[in-house]
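This report refers to the structure that appears directly beneath it.
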Amino acid sequence: MSERAFDIFCYRVCSVIRWRAARRPIAAELTAHLEDHAAALEADGLAPDTAVRRAVESMGDPYALGAQLDRVHPPILPRLSLVLSALAALVLVAGLVIGVRDGTGLFALSGISPQFPDLPFRPSDVKELVTEGASSGGGSLGEYTLTPSGGAGLVHIHHVFDALAEDFLQLQVPLTITSGAPWLPTPEDSALSVTYTDDAGGSGGGYFSTGEAYLLGVSGCLRLSDPTPGAEAFTITVSTADGAAVAFAVTLDQEVSAP
């Protein structure tokens, strides 16, 4: 069914394109995109037929798309202009790939690739940054990649709610969660389970807080409240309900003390 649905969509798109030589490569590119989108939707749990239908629907009106592509590929385009356009497109694609990978260039400014949040994270209740540290690890968690900023911090929080005030320490580890597929939903904070052990014999739980949202993911922070006094090194595990997990290693510049 998928080949039939994709063929019909590509036929409708290409029926509007006047330049015959452009129709076959455009159809091939559209088909590859539709297949990738449908595969991602199937991986999220949709039935194959539903995934195919959703992938086609996400592309919009095929005739409107064909009209846009026809303006880009007019039949009177000179051969030299075609070659130069192709070279420019290759350079642009290469630059975009590098930007997505490294979070540099336009991707660092345009809200596409996630940027690491600053420490302290959400500073409205922060009294002081007690000490800093280093973070490493991360990796793939299903369709997403968790990447630490390389830094960490022990923060003194002074939280006031109504007439009550509370002081405590919190270990904060900035990170990003990215995906190469912009149609995938941002993972919910509650979908990630956070636990830790430390070099002082302590263990406990934590949580992930989402920061800024970007096209290809989100920024955020792992937060461990009341870490063990005397601890300096932490192993943090982030997991999902299906058992997938990644680990982070954090080392502070000085041991945890009472706030």
Side-chain angles (χ1 to χ4, degrees), residues 1-75 85-86 89-90 92-94 96-97 99-101 106-107 110-114 139-146 176-193 208 210 212-220 238-246:
M1 175 181 176
S2 63
E3 293 182 359
R4 175 66 174 168
F6 295 163
D7 287 345
I8 291 174
F9 180 86
C10 292
Y11 173 82
R12 291 172 178 172
V13 171
C14 292
S15 68
V16 187
I17 299 173
R18 292 169 293 167
W19 191 18
R20 294 180 179 274
R23 294 177 182 175
R24 180 168 294 181
I26 287 174
E29 183 175 353
L30 288 174
T31 299
H33 176 76
L34 288 165
E35 290 174 347
D36 289 344
H37 193 170
L41 293 172
E42 282 191 50
D44 282 345
L46 291 183
D49 289 349
T50 303
V52 168
R53 178 171 54 81
R54 293 275 183 87
V56 171
E57 290 174 350
S58 71
M59 298 294 291
D61 184 346
Y63 300 107
L65 177 58
Q68 294 175 5
L69 292 171
D70 181 66
R71 288 194 292 271
V72 177
H73 302 282
S85 297
L90 289 174
L92 177 60
V93 169
L96 293 178
V97 170
V100 170
R101 184 192 65 190
L106 292 176
F107 287 86
S110 61
I112 296 179
S113 183
S140 297
L141 197 61
E143 297 289 339
Y144 302 93
T145 300
L146 280 63
T176 59
I177 300 180
T178 58
S179 171
W183 56 81
L184 292 176
T186 299
E188 298 290 338
D189 294 4
S190 58
L192 301 177
S193 175
F208 171 74
T210 301
E212 296 292 331
Y214 298 79
L215 178 62
L216 296 182
V218 296
S219 66
V238 180
S239 58
T240 57
D242 61 4
V246 293

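- Side-chain contact between P62 and V13 is present, with heavy atoms from C-beta onward closer than 4.5 Å.
- Here the closest non-hydrogen pair linking V218 and A213 is CG1-CA, 4.0 Å.
- At a threshold of 4.5 Å between non-hydrogen side-chain atoms, the residues V238 and F208 do not count as touching.
- For the atom pair CD1 (I26) and CG (L69), the distance works out to 5.0 Å, reported to the nearest 0.5 Å.
- A heavy-atom distance below 4.5 Å is not found between the side chains of I8 and V56.
- Contact record, I17 with A22: CG2-CB, 4.5 Å, taken as the closest heavy-atom pair.
- Of the inter-residue distances, the one linking D36 atom CG with T31 atom OG1 reads 11.0 Å to the nearest 0.5 angstrom.
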Residues H37, M59; criterion side chain to side chain contact (heavy atoms under 4.5 Å, CB included); working and verdict: CA-CA 10 Å; H37 193 170; M59 298 294 291; 5.8 Å; no
Steps toward side chain to side chain contact (heavy atoms under 4.5 Å, CB included) verdict (L65, L30): CA-CA 11 Å; L65 177 58; L30 288 174; 4.1 Å; yes
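- Of all heavy-atom pairs between P114 and S219, the closest is CB-N, 4.3 Å.
- We find the OG1-CD distance between T176 and E212 to be 13.5 Å, quoted to the nearest 0.5 Å.
- Once rounded to the nearest 0.5 Å, the distance linking OH of Y144 with CG of L192 reads 10.0 Å.
- Here the straight-line distance linking atom CZ of R23 with atom SG of C10 works out to 13.0 Å at 0.5 Å rounding.
- No donor-acceptor distance shorter than 3.5 angstrom exists from the side chain of T178 to the backbone of G217, with no hydrogens or angles considered.
- Atoms CG and CG, from L141 and D242 in turn, are 7.5 Å apart once rounded to the nearest 0.5 Å.
- Considering all non-hydrogen atoms of both residues, F6 and A38 come closest at CZ-CB, 4.2 Å.
- Of all non-hydrogen atoms in Y63 and S15, the two that sit nearest each other are CE2-OG, 3.9 Å.
- The side chain to side chain contact (heavy atoms under 4.5 Å, CB included) search around T50 returns L46, A47, R53, R54, not counting sequence neighbours.
- Contact between A55 and S58 at its shortest, heavy atoms only, is O-OG, 2.7 Å.
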